[in-house]
Amino acid sequence: MAKSFQKLHYSLFLVLSISLTLLTITKAKTNSFSRTLTPSSLGLKREKLSHLHFYFHDIVGGPNTTTVRVAQAAMTNTSSTFFGAVVMMDDPLTIQPELSSKLVGRAQGIYASASLSELGFLMVMNFAFTEGKYNGSTLSVLGRNTPLSTVREMPIVGGSGLFRFARGYAQARTHTIDSEVAVVEYNVYVFHY
Ligand SMILES: *[C@@H]1O[C@H](CO)[C@@H](O)[C@H](O)[C@H]1NC(C)=O
Ligand SMILES: *[C@@H]1O[C@H](CO)[C@@H](O)[C@H](O)[C@H]1NC(C)=O
Ligand SMILES: *[C@@H]1O[C@H](CO)[C@@H](O)[C@H](O)[C@H]1NC(C)=O
């Protein structure tokens, strides 16, 4: 009798220590640095392709300028390509070429003259949308823009909100340009969920 009680005691102890070990392993897993998820656990269903079309207004002069040169090099003034100039922008994006048409967002970021031999900008900017369901969502652009080319293509390297996991490209075409304002037509093609 005493012997079988001892046996029971022993097996209870064994079960308890195994459970404790399992608990520790599970806990270690949830505390671990990385884990694998299914896309659906983040609510991601099917990847879709969207096309966005808008006009970008780069206002470099006048009372309502949307750009400011924040840095330059000693040689920038004598460079035919403004090499070294760094400009910060907060440019409106509208549905039609007219600035007075519906605002759909803003292009916020930097363009910097990065070519010695032709007009060529490094573009680092976010499209911050305010239109309808896209309000609050952003797309990030990192690319090369040669404004004198008919079509410039820049990669979309990511996004937020409705544009999480975004990737794609933007095509820019100059619509009109004068000494104070450049209006640029953008067609953006982007995969996202
Ligand atoms: C600047 O903005 C003001 C206020 O929106 C507007 O009345 C004015 O016409 C604008 N000026 C130019 C040159 O666009
Ligand atoms: C470049 O030219 C501008 C105006 O022409 C002047 O204000 C600025 O000081 C010059 N910068 C350098 C680094 O020479
Ligand atoms: C976008 O969202 C912000 C914050 O929720 C809100 O204040 C703003 O009015 C919205 N804009 C548009 C155009 O719906």
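Counting convention: from 1, in listed order, for ligands and their atoms alike. Every heavy atom of this structure was used, including side-chain atoms; hydrogens, water molecules and symmetry mates were not.
Here is the list of ligand 1 atoms found below 4.0 Å of a heavy atom in Asn64: 1 (C), 2 (O), 3 (C), 8 (C), 10 (C), 11 (N), 12 (C), 14 (O).
In this structure, Leu44 and Phe165 have side chains that are in contact, with non-hydrogen atoms separated by less than 4.5 Å.
Enumerated by chain and number, the residues approaching ligand 3 to less than 4.0 Å through a heavy atom are Thr130, Asn135.
Heavy-atom neighbours of Tyr111 OH from other residues, nucleotides or ligands within 6.0 Å: above the threshold of 12.
Heavy-atom minimum distance, Ala128 versus Thr138: CA-CG2, 4.1 Å. Here the closest heavy-atom approach between residue Met89 and residue Met123 is recorded as CE-CE, 4.2 Å.
With sequence neighbours left out, the ring-ring contact (aromatic ring centres under 6.0 Å, His included) criterion links Tyr134 to Phe163.
One finds no salt bridge joining Glu153 and Arg144 here, because no Lys/Arg side-chain nitrogen approaches an Asp/Glu carboxylate oxygen to under 4.0 Å.
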